[in-house]
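Lettering follows sequence order; numbering is per chain, from 1.
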Amino acid sequence: MAYLSLNGYDAQYAPLAQLDRVAGFEPVGREFESLRVRHFIQTGDDTMSVRVRFAPSPTGHLHIGGARTALYNYCFAKSVGGKFILRIEDTDLERSRSEYEKAQIQDLHWLGLEYDEGPDRPGEYGPYRQSERLEIYKEYAQKLVDAGLAYYDFCTEQELQVMKEQAEKQGKPPHYNGKWRNPEFNQEAMARLAAGEKAAIRLRAPQKAYVLQDHVRGRVVFPENMVGDFIILRSSGLPVYNFCCVIDDLLMKITHVIRGEDHLSNTVRQLMVYEALGSKPPEFAHVSLLINKDRQKLSKRDGATSLVQYTNDGFLPGAIINYLTLLGWSHPEEKDIFDLKDLIANFDLNRFSKAAAIYDIAKFKWVNGQHIQMQQSSLTLKNISSLFSVDHPFLKLTDEQKEKICALFKTQVQFYQDFVALIENFIFQTELNETEKMQEVLSWPSTAQIAQFLSTQSFDGHLPESALGQWTEYLKKDLGIKGKQLFMGLRVCLTGKDQGPELVDLIPLTPASVLKQRLANIQKRLA
RNA sequence: GCUCCCAUCGUCUAGCCCGGUCUAGGACACCGCCUUUUCACGGCGAUAACAGGGGUUCGAAUCCCCUUGGGAGUACCA
């Protein structure tokens, strides 16, 4: 027996004969007599390397909850040198659309979560779109029928409805108990099938308890009689989620299923399918859900839930990864800010919190700001340049000047867009700020003196850093202006504002023509 | 209804598995102070939580049970 140690968790890869003692698959209670476990699919070689998957339905844009699940899967795979697979679950023909598949793939790329195998990255275990695997599901469903582990069901929707209502009235669980589960009717079923009648296929649900050893939930016991015979193949021939998911995970040799907690109850059905197929289930990690301020599962109504909305709002991929990770997982060093590389190096399935998390936009913004601050100014410049109109004077500055400007505003910014506003405001805007403090400074006689003095100076191109020093020197020595009067006066005359970055940093970066215009505006005001 | 899951500052969380080091730590937000002759950044500080009740124990945030609250599932959706 081989043990694969994953971040301290000992996953047991036991021979199939010991199936019922393997972690994650531990049937208890009485066996269902007539059903014999059969080996249709062989998995579980001892050297199996980690393979995980992200399996979205292309029914909309990538949701932040989905992005988070994809992220956790990706991190886990990369942290143990495994493979990350993208599988498209498009068996719901009504709602699935190929443009959503494209959009979600694009979002994944944008986040930097590159998958090793997927619809557009063929691998050994394709195809990776469920709609292209329909024959496979039919084949396995048929095998289960042949083995007596599943059966055809000809009940109509109305019949099922009546059955359910009756069960409810009697206070029994609303499980299927129609005649078709009785092997006696097999012949009739075959005859009707041969006559071309359509039927769904149901799995005989073993009536016994199941135990799941989950990486985040711990030991979860599903009691006996929790679910009844459920459909695995619809009468239309399309498989149902709990069936195709298992077939695919098995055939794609998925070793770990990391997904939302909303799938926890489904797991018992999937365990039944694994058992019917005589296969060892993968390991599971059911991660807590993201919820809204009302503590409800996130829905479209909650505003910004799709990733594109965040990208449009100016959130950086790195910041999204960072923040999303923090919602339900914690860094072993209790760090709040980290990048994908750091995350992969420290990823650990044991560090998930079990409770659902509300996302807080304020912290999200702060994380974004931190990621901008960590950037080299040259990179920041590259990222903000496209936000200016093509003929904006900012773009005409030298690279050195532009980078210095970026560095100047870096600490007060949360989004790239903020740079644009700040630069416009402090570097190019010539109108005066109208505040009470401005009025006060303008009312000082010293301010008029400063303005008078400055108007005698020549302004050209960009002022050297020394200019400001010379001016203050002169104003102090010769005119006797000092302290607040001096600095606020200079600030108001040169920037047209009562607050802003350090003058020594700001003035050399401001075009002299702008300074001149502001000064003229001040003089006009004082006159 | 039934089944399962969850419960630490307003929010995200550390601690829980392996009880003492927890008068419960960090981060965001909020407030105050310092610094900066401005604003911001930065630094320091304040407010703020173990849902409730029982047990077990010398000792419980930590283990057990109950209650309450919240969530998910209960489909020929995924």
Side-chain angles (χ1 to χ4, degrees), chain A residues 55-59 89-92 94-96 130 153 155-157 160 164 168 171-175 198-202 212 214 216-218 220-223 225-228 230-242 244-245 259-269 286 288-289 291 293-297 323 325-337 350-351 353-367 369-370 373 408-413 422 426 437 441 482-488 490-492 495 497-503:
Chain A
S57 294
T59 55
E89 307 219 324
D90 55 353
T91 52
D92 185 349
E94 305 260 299
R95 296 191 299 151
S96 299
Q130 290 188 329
D153 174 23
C155 285
T156 62
E157 219 171 291
L160 293 174
K164 204 169 154 187
E168 252 164 59
K172 285 185 194 160
H175 295 168
K198 299 251 185 253
I201 297 180
R202 279 181 193 271
L212 169 70
D214 191 277
V216 354
R217 304 286 130 189
V220 179
V221 180
F222 300 107
N225 209 20
M226 194 174 161
V227 295
F230 57 95
I231 291 194
I232 54 177
L233 208 69
R234 289 176 261 221
S235 48
S236 62
L238 253 32
V240 137
Y241 168 73
N242 283 313
C244 48
C245 174
R259 59 178 16 166
E261 196 197 344
D262 47 343
H263 290 286
L264 189 59
S265 321
N266 277 325
T267 309
V268 67
R269 286 186 179 73
H286 285 96
S288 61
L289 259 23
I291 53 179
K293 299 121 209 101
D294 302 326
R295 305 215 136 260
Q296 310 248 294
K297 192 177 166 183
Y323 183 65
T325 305
L326 247 22
L327 256 26
W329 188 84
S330 60
H331 194 284
E333 292 162 38
E334 288 195 54
K335 279 199 237 177
D336 284 295
I337 302 296
N350 292 319
R351 294 200 65 81
S353 83
K354 293 179 177 180
I358 300 175
Y359 72 87
D360 174 23
I361 198 77
K363 187 159 184 176
F364 198 172
K365 286 180 180 173
W366 174 78
V367 169
Q370 293 298 304
Q373 270 186 52
L408 190 59
F409 293 116
K410 208 173 232 184
T411 56
Q412 35 188 307
V413 121
L422 251 18
F426 287 105
K437 202 166 168 192
V441 177
K482 57 183 183 184
K484 210 174 182 175
Q485 273 69 27
L486 175 62
F487 287 95
M488 280 310 282
L490 267 174
R491 177 176 292 283
V492 163
T495 70
K497 298 180 174 46
D498 55 29
Q499 48 82 15
E502 293 278 0
L503 285 179

For A:Lys198, report the nucleic acid contact type (base, sugar-phosphate, nothing); a contact means any heavy atom under 4.0 Å. nothing
Does the structure show a Watson-Crick or G-U wobble partner for B:A27, both distances under 3.5 Å? Name it, or say none. B:U11
Check whether A:Phe487 forms a cation-pi arrangement with A:Lys482 (NZ or CZ under 6.0 Å from the six-membered ring centre, at most 45° off the ring normal). no
Touch class at under 4.0 angstrom, heavy-atom based, for A:Glu502 against every strand present: base
Please state the P separation for the pair B:U21 and B:U62 - nearest whole angstrom. 13 Å
Applying a 4.0 Å non-hydrogen cut-off, can you work out what A:Cys155 is touching in the nucleic acid: base, sugar-phosphate, or nothing? base
What's A:Asp262 touching, base or sugar-phosphate or nothing? Going by heavy atoms closer than 4.0 Å. sugar-phosphate
What is the nucleic acid contact for A:Ile231, judged by heavy atoms within less than 4.0 Å: base, sugar-phosphate only, or nothing? base
What interatomic distance, in whole Å, is found between C1' of B:U47 and the corresponding atom of B:G1? 44 Å
Looking for any heavy atom pair under 4.0 Å, which part of the strands does A:Ser288 touch: base, sugar-phosphate only, or nothing? nothing
Step by step, work out the salt bridge (charged side-chain N to carboxylate O under 4.0 Å, His left out) result for A:Asp92 and A:Arg95. CA-CA 6 Å; A:Asp92 185 349; A:Arg95 296 191 299 151; 2.8 Å; yes
With rounding to the closest Å, how many angstrom separate the P atoms on B:G26 and B:G19? 25 Å
Just to be sure I understand the rule, does A:Ser57 reach a base, reach only the sugar-phosphate, or reach nothing, if contact means heavy atoms closer than 4.0 Å? sugar-phosphate
Using a 6.0 Å cut-off, check whether atom NZ of A:Lys365 has over 12 heavy atoms from anything other than its own residue. no
Which part of the nucleic acid, if any, lies within reach of A:Gly328 when heavy atoms closer than 4.0 Å are counted: base, sugar-phosphate only, or nothing? sugar-phosphate
At 4.0 Å (heavy atoms only), tell me whether A:His286 reaches a base, stays on the sugar-phosphate, or touches nothing. nothing
If B:A72 has a Watson-Crick or G-U wobble mate with both distances under 3.5 Å, name it; if not, just say none. B:U3
Mind checking if A:Glu89 touches a base, just sugar-phosphate, or nothing, with heavy atoms under 4.0 Å? sugar-phosphate
Touch class at under 4.0 angstrom, heavy-atom based, for A:Lys484 against every strand present: base
Inter-residue atom distance A:Asp90.CG - A:Leu238.CG, 0.5 Å rounding: 9.5 Å
On a whole-Å scale, what distance lies between the P atoms belonging to B:A60 and B:A24? 16 Å
In whole angstrom, give me the gap between the P atoms of B:G10 and B:A49. 7 Å
Base, sugar-phosphate, or nothing for A:Pro56, non-hydrogen atoms under 4.0 angstrom? nothing
Can you find an N or O donor on one side and an acceptor on the other, under 3.5 Å apart, linking the side chain of A:Lys363 with the base of B:A27? yes
Pairwise P distance for B:C12 and B:C22, with rounding to whole Å: 25 Å
A:Ala357 side chain: which of B:U13, B:A40, B:A14 is closest? B:U13
In the strands shown, is B:C39 matched to any nucleotide by a Watson-Crick or G-U wobble pair with both distances under 3.5 Å, and which? none
Base, sugar-phosphate alone, or nothing: which one does A:Arg491 contact when heavy atoms must sit under 4.0 Å apart? base
Can you tell me how far P in B:G25 sits from the matching atom in B:U68, rounded to whole Å? 33 Å
Which nucleotide, if any, forms a Watson-Crick or G-U wobble pair with B:C63, using both distances under 3.5 Å? B:G55
Paired with B:C22 by Watson-Crick or G-U wobble geometry, both distances under 3.5 Å: which nucleotide is it? none
Separation of the C1' atoms in B:U56 and B:C66, to the nearest angstrom: 15 Å
Across the strands shown, which category fits A:Arg351 at heavy-atom distances under 4.0 angstrom: base, sugar-phosphate, nothing? sugar-phosphate
